[in-house]
Every structure is written in C-alpha cells, then in structure tokens.
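Data first, discussion second: the structure below is written as structure tokens.
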Amino acid sequence: MAAENINRPEESKETKNFIEEIIDSHLESGRYNRVHTRFPPEPNGYLHIGHAKSICLNFGLAKKYNGLCNLRFDDTNPTKEEVEYVDSIKEDVNWLGFQWDAEYFASDYFQQLYDWAEKLILEGKAYVCECSQETISTNRTTPTRPGIACEHRDRTPETNIELFRRMKNGEFPDGTMVLRAKIDLNSPNMHMRDPIMYRILHAHHHRTGNQWNIYPMYDYAHGESDSIEGITHSVCTLEFEVHRPLYEWFIQNIGIHAPQQIEFARLNLSYTIMSKRKLLQLVNEKHVSSWDDPRMPTISGMRRRGFPADAIRDFADRVGVAKRENVIEYGLLEFCVRESLNKKAERRMAVLNPIKLIVTNYPENQVDMVTGVNNPEDENAGTREIPFSRELWIESDDFMEEPIKGYHRLFPGNEVRLRYAYFVKCTGCKKDENGNVVEVYGEYDPASRGGNSPDGRKVKSTIHWVSAKHAAELETRLYDRLFTIPAPDDAEEGKTFLDYLNPDSLKTITAMCEPALAEARPGQFFQFERIGYFVPDKDSPEGQPRFNRTVTLKDGWAK
RNA sequence: UGUCCUGUGGUGUAAUUGGCAACAUGUCUGAUUCUGGUUCAGAAGAGUUUAGGUUCGAUUCCUAACAGGACAACCA
C-alpha cells in the first residue's frame, strides 16, 4: 500500500486535539497508513447538537487526513428502531454539510457476525447460557467479589453449537437463553464477566424483516462492524471506555483487522437536555410540538429555529475535543449563530410590540418611498423601497413619557431618526383613562429625508418603524430557552427536569411588518432591525410567512 | 465497595512535550456607527485541586490524598 495519499495536516498555529495526536502517532509508527472513521447512530431517535459534535469530529478527521468516513446505522435492537429515524438522520447529516463515503447498517453484517460467533463457540470461547436474566446478574456478583460460574459454562462446543443453531432457527422463546463470551468471571471490569453476545428476539427488523430470531448485542456487533469496514479510528463517547477491553477481546479472538477505539467527552449544553429518552418524553407528552420543534436541541429543531449549518459547525469547532466532562454555555452557541447570521441575513423592519406614532405635520394621505439597505455587511444584497406615511407603528419600548437616565429614544422634546426616513421630534402623547399611553405624537423635519439633516444636526438614537396602513400583520413566534435553570438534568429532590420547563419558551404574537416581509420564503434568513434574527417557518401558508425568532440581537443597553 | 477516566480564569480549549499560563466566549470600559447591532481599542479575571518529591526550574515527571464522572442492561 502506497502511503502517499496520507495527508498530514500542515503545521499551522491550530493546535491539535488529543485524538489527532493519537492518529499522528499511529501514522508515524506505521500502525495505520490511512484514516477511516465512521458516524454510527442508532436509529431510535432524532439527532441532536451532541451528535452534531460527533459528526463534525468524525467527518472532520476524515477530511483533515484525506481519509474516509462512513455512515453506519447501529441497528441491532429491532424493538427500538424505526425507518423514520434512519431518514431523519440522513437528512440531518447532509444538512450539516457532510457526505458519507459509504452507507452501511450493522444489520448488513448479521450473517458474518453469526459465522464468527460459531467460530468462537467451536473454539470454546463462547457458550449458550440458559440462566435467567436475574441469575446471570447475581452470578456476576459485584466488582470486589469473584463471579460464579453456572452449569452451562462448561458445556461442550458441540452442545453449544447445536443450541445456538436452534436459537437462530427460532426454536426457543424470547429470553430463554443467550450466547455468552467465555472470558473472565473474576475480572474487576464487569463487562468482561462473560458478556452476552446474542439474545433471542422474535421481532421484526426494519431491514431484515423476520429473517432473524437472534440479534447481536452492541459489544459484539460494534467493533466487528468497524473491523469489517476497515475503520482505523473508532471514536466514541466516554461511557464506552470500560467497554474497550471487550472491544479488543472480540477483535483479537476472531482474528480480524483491529481499529483503535478512542473515547472523548460528549457535549453538554447549559439550559438544555441531551438524553434521547428525555427528548422523546418531551415529544410524547406534548411539552413541545415535535422532534423538530424549534425549541428542541435536535438538529432538525435548530434548523427550523433558523440556526445555519455553518454556525453549528463553527460551534462544534470552538467547543473542542477533550476527555474531561464539560458544560458549554448556551451563549457560545448564540454567539456562533449571530456571527453567521450577521453576515448573511437581510435586514427588515418589523414592530413586535406596537404603539402608534402620528407624525402630525405629515400630510394625511401622502405616502413616500424611502430606501433601505438590505445588508450593511454585504454590498451585493442591494436596497429596497419602504413606504412611509403619517401613521406609523413603533416599538412601545421606544417611547417613554418620563425617560430614565441614559434613555435617548423618543420622549417629549427629544428628536430621533426614523430609520432610512426622517428625523422626528416628539411633541407628546395621548393616554387612556388608566394612564396607558395609546398614541405618541411627533413632528418630522422634511429636510432630513433619507435620514440625515443638511444642517449637520445629530440625533442620539435611530428607531425602526412600519407604516401602519401598509403593515403586513404576520404571525411571529418568540422562542426562548426551554428550561429555566442551567442544569435541568440535576433536578433537586422530588423534582424532574419537567419541573424546570420554561413556561415562556414560546410566545406567539402578531408582528407589524414592512411589506417586503410578506414575500419571505422558508430558507431565507432575516434580521428584524434592532430586535433579532427571524426565519419563515416551513409551515407557512403561501404569501403569509410565519416567523420563528432564531435569537435576539445582543442588547448592550438591557433595561 | 472495585476498576477505569478526568481535575488549568465564570465557561470551554491550549501551552513548542520541563522554561515563570495563551486563545475564544462571557463581563466591564472607551471609540466608531442611520441597528444601544456590527467593528475597533483596552481592562479585569487562573499561578494550573491539595500535600510532598525529583529538578537550576514543574501545568507538564513521581507519590499520596481529595474532588468529579463512568461502569456493575438479554440498551446503544
């Protein structure tokens, strides 16, 4: 094998993570002359941001070393897995921006796995055990004490192979017997105390149908699948560390290509949960609408929320790869999202919490068009025309009858700029019987058309607005974090993560939007000026976009 | 309890493999700005879990302790 296609990353200021250092040493020592990774999801749920880290890592490693990366579905448990999940997983990996070199299923290897199991049996390295689940467990005892051998352990290979074949043929009911590797009942590592390789399951498998009555366990299937595919570096999360001796035992005793398993710390994000079980619970108990509810930390949820794929990749990059447990601040994800969106989102004006501003010296039925810049960060984004008239919607936060110190928006006597339009000076307001402001009044300066005064006069603030008679009233969903505390998993006594659901994680309002927003289409990104980033939801009817708030703008004033 | 893994600013990740701790984010200032956004400039913030040891010198090597985590499924 020529090794000239190995691509060692050029010396750059970028430091290497510990996995890359291991790979470098393997390449140097000649243990491997290539890099081949895989992303091995179990199709029993939707992918989440934690998987995104693993996807970026595995595909990233392959790319960096000019190697390959497979997508392999770890579908060894037919009772939990469904095609729906297979489809969503493929879509999510693609959307994240990765193409796998080959697509496999662990179930593709069932026959090979079976043959190897027979080989181990014949060599006296595996046996059929008829103990109950409880007996197996109690016979394993505890780590400090030796395990107890059951009467099945010393059966002859002939008996074992016959029993195993009958297991395969479906002659026994579920749970009556299992195939166990004969390793070491006294190992301090409980995984080595004769682990189960096969269990009987008369279940319909999403790919092999009813062909099999026995299914391999993770520990027996995973490493062998890696080996079959020629994987060199099998990257997984920390909890599999104790499984590594077992992974290596099977490979060695079958006598096949040996990949190196390397474990890293999974991603944890503050204010969110990552467990598939809990995520499923949120969906099943209707705390969210679906797996792709924009509040979900799933890849599909984030996509619907408006997080760009490049932001997620950047995030995965920034959190790094190490072995120590970590909790990433949610703010870092938001930073990555804003940084990406700032460059690509077109600006629009929309008023979320409207109050009317009447420009008293502007002619009653006049309308003029002012020009708005679509994206100050991108010259190619062009401009658009926005209608201006006497009655405008402005944000109620942008007016205070009695301003607090530091406030320089609209208050009686103060002049501000209406973005892209005119200077307007506040002359007062009208209140209802309860003292609530219902209308704000102002006078504009015709000479300031376009947003600048010829006399060089300055204003301290610019506010956004929407012409009342031209406003498009569009449904807008204001999303916030799903949980109220940083670590919803660490519930205090007597509580569960559900007790920390944020009741205000979704507020649906009608926003007063500039007309151009009515033409927004799913897939586009917008910044509502001074407010945040928004995307049209996929469930929007034609010509009537419903907006999802992706993230707010950073608020340096923060009342 | 046993085995294994991990301890570096608030958070995360580094430190040329022994040379007085860097980057990002966050926070706080100030400047710029037709978004209280962006951008720019600056500041504060860890002496590397602790105690010993080796060394001229330790985040890095050794020992012990302490703390946190994983495992003890016919789940993956």
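Here is the naming used below: chain letters follow the sequence lines, and residue numbers restart at 1 for every chain.
- With B:U11, B:U38, B:A76 as the choices, the nucleotide that has an atom nearest any side-chain atom of A:E329 turns out to be B:U11.
- Other residues, nucleotides and ligands contribute only 12 or fewer heavy atoms inside 6.0 Å of the CZ atom of A:R266.
- Among the heavy atoms of the strands, none lies under 4.0 Å from A:P41.
- Judged purely by distance below 3.5 Å, without hydrogens or angles, the side chains of A:E377 and A:N375 never pair a donor atom with an acceptor atom.
- For B:C40 and B:U33, the C1' atoms lie 11 Å apart once the distance is rounded to whole Å.
- Using P as the reference atom, B:C5 and B:U63 are 13 Å apart when rounded to the nearest Å.
- Using a 4.5 Å cut-off on side-chain heavy atoms (C-beta onward), A:F250 and A:Y220 make contact.
- At the heavy-atom level, A:Q133 lies under 4.0 Å from base atoms of the strands shown.
- Backbone-only engagement by A:V321 is indicated by non-hydrogen atom pairs under 4.0 Å involving sugar-phosphate atoms exclusively.
- At the heavy-atom level, A:C236 lies nowhere under 4.0 Å from the strands shown.
- Judged by distance alone with a 3.5 Å cut-off, no donor-acceptor contact links the side chain of A:E334 to the base of B:G26.
- Between the CZ atom of A:R417 and the C1' atom of B:U33 there is a distance of 9 Å, rounded to whole Å.
- Rounded to a whole angstrom, the distance from the C1' atom of B:A21 to that of B:G12 is 16 Å.
- Across B:U54 and B:U16, the matching C1' atoms stand 23 Å from one another, rounded to whole Å.
- A gap of 32 Å separates the P atoms of B:A24 and B:G69, to the nearest Å.
- Ring planes of A:F526 and A:F547: perpendicular class, angle over 60° (limits at 30 and 60°).
- For B:G36, the OP1/OP2 oxygens have no side-chain nitrogen or oxygen of A:K554 closer than 4.0 Å.
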task: If a protein heavy atom is under 4.0 Å from the base, mark B; if only from the sugar-phosphate, S; if neither, -; do that for nucleotides 2-8 of chain B going 5' to 3'.
output: BS-SSSB
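- Syn is the classification of B:U17, since its glycosidic angle stays within 90° of 0.
- Nearest nucleotide to the A:T462 side chain, out of B:U35, B:C74, B:U38: B:U35.
- Between A:Y218 and A:H222, a ring centre-to-centre spacing shorter than 6.0 Å is recorded.
- Per the stacking criterion (ring centres < 5.5 Å, plane angle < 30°), A:W557 stacks onto the base of B:G36.
- Put simply, the side chain of A:R145 and the base of B:U1 share no donor and acceptor less than 3.5 Å apart.
- Here the side chain of A:R318 is nearest to one of B:G12, B:G26, B:A24, namely B:A24.
- Per the geometry, CG belonging to A:N342 stands 11 Å off P belonging to B:C40, to the nearest Å.
- Within 4.0 Å of A:S137, counting heavy atoms only, lie sugar-phosphate atoms of the nucleic acid but no base atom.
- The shortest side-chain heavy-atom distance between A:F39 and A:N70 does not fall under the 4.5 Å cut-off.
- When heavy atoms are screened at a 4.0 angstrom cut-off, A:V373 is found touching no nucleic acid atom at all.
- Listed nucleotides: B:C74, B:G36, B:G10. Nearest to the side chain of A:R140: B:C74.
- In this structure, NZ in A:K276 is found 12.5 Å from OG1 in A:T298, a value given to the nearest 0.5 Å.
- Applying the salt bridge (charged side-chain N to carboxylate O under 4.0 Å, His left out) definition to pairs two or more places apart or across chains, those involving residues 323-336 of chain A are A:E241-A:K323, A:E263-A:K323.
- Under the 6.0 Å cut-off for aromatic ring centres, A:Y422 and A:F388 qualify, their centroids lying closer than that.
- Per the geometry, CG belonging to A:D174 stands 10 Å off P belonging to B:C75, to the nearest Å.
- For A:T79, no side-chain nitrogen or oxygen approaches OP1 or OP2 of B:C75 to under 4.0 Å.
- Glycosidic conformation, B:G47: syn, with the torsion inside 90° of 0.
- Taking atom C1' in both B:G30 and B:A44, the straight-line distance is 15 Å, to the nearest Å.
- Taking atom C1' on both nucleotides, B:G45 is separated from B:G36 by 26 Å, rounded to a whole Å.
- Among the nucleotides B:U13, B:U35, B:C75, the one closest to any side-chain atom of A:N326 is B:U13.
- A:I328 comes within contact range of the sugar-phosphate backbone alone, with a heavy-atom separation under 4.0 Å but no base atom that close.
- Atom CZ in A:F497 sits 8.0 Å away from atom CG in A:D489 (nearest 0.5 Å).
- Using a 4.0 Å heavy-atom cutoff across all strands shown, A:F240 reaches at least one base atom of the nucleic acid.
- Between B:G37, B:A73, B:G36, one nucleotide has an atom nearer to the side chain of A:M217 than all others, and that is B:A73.
- Atom name P, nucleotides B:A22 and B:U59: the rounded distance is 14 Å, in whole Å.
- The nucleotide whose nearest atom lies closest to any side-chain atom of A:H408 is, among B:G36, B:U38, B:A76, B:G36.
- With rounding to whole Å, A:D317 atom CG is found 18 Å from B:G12 atom P.
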field: Bracket notation of RNA chain B in which parentheses pair within the strand, [ ] cross earlier pairs, and | pairs with another strand (Watson-Crick or G-U, under 3.5 Å)
entry: (((((((..((((.....[..)))).(((((.......))))).....(((((..]....))))))))))))....
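- Using a 4.5 Å heavy-atom cutoff, the side chains of A:Y215 and A:I200 are not in contact.
- Between A:H51 and A:Y46, the gap from one ring centroid to the other reaches at least 6.0 Å.
- For A:E239, whose side chain is taken as the heavy atoms from C-beta onward, the closest listed nucleotide among B:A76, B:C75, B:U35 is B:A76.
- Nearest-nucleotide positions on RNA chain B place A:F335 closer to the 5' end than the other of A:Q527 and A:F335.
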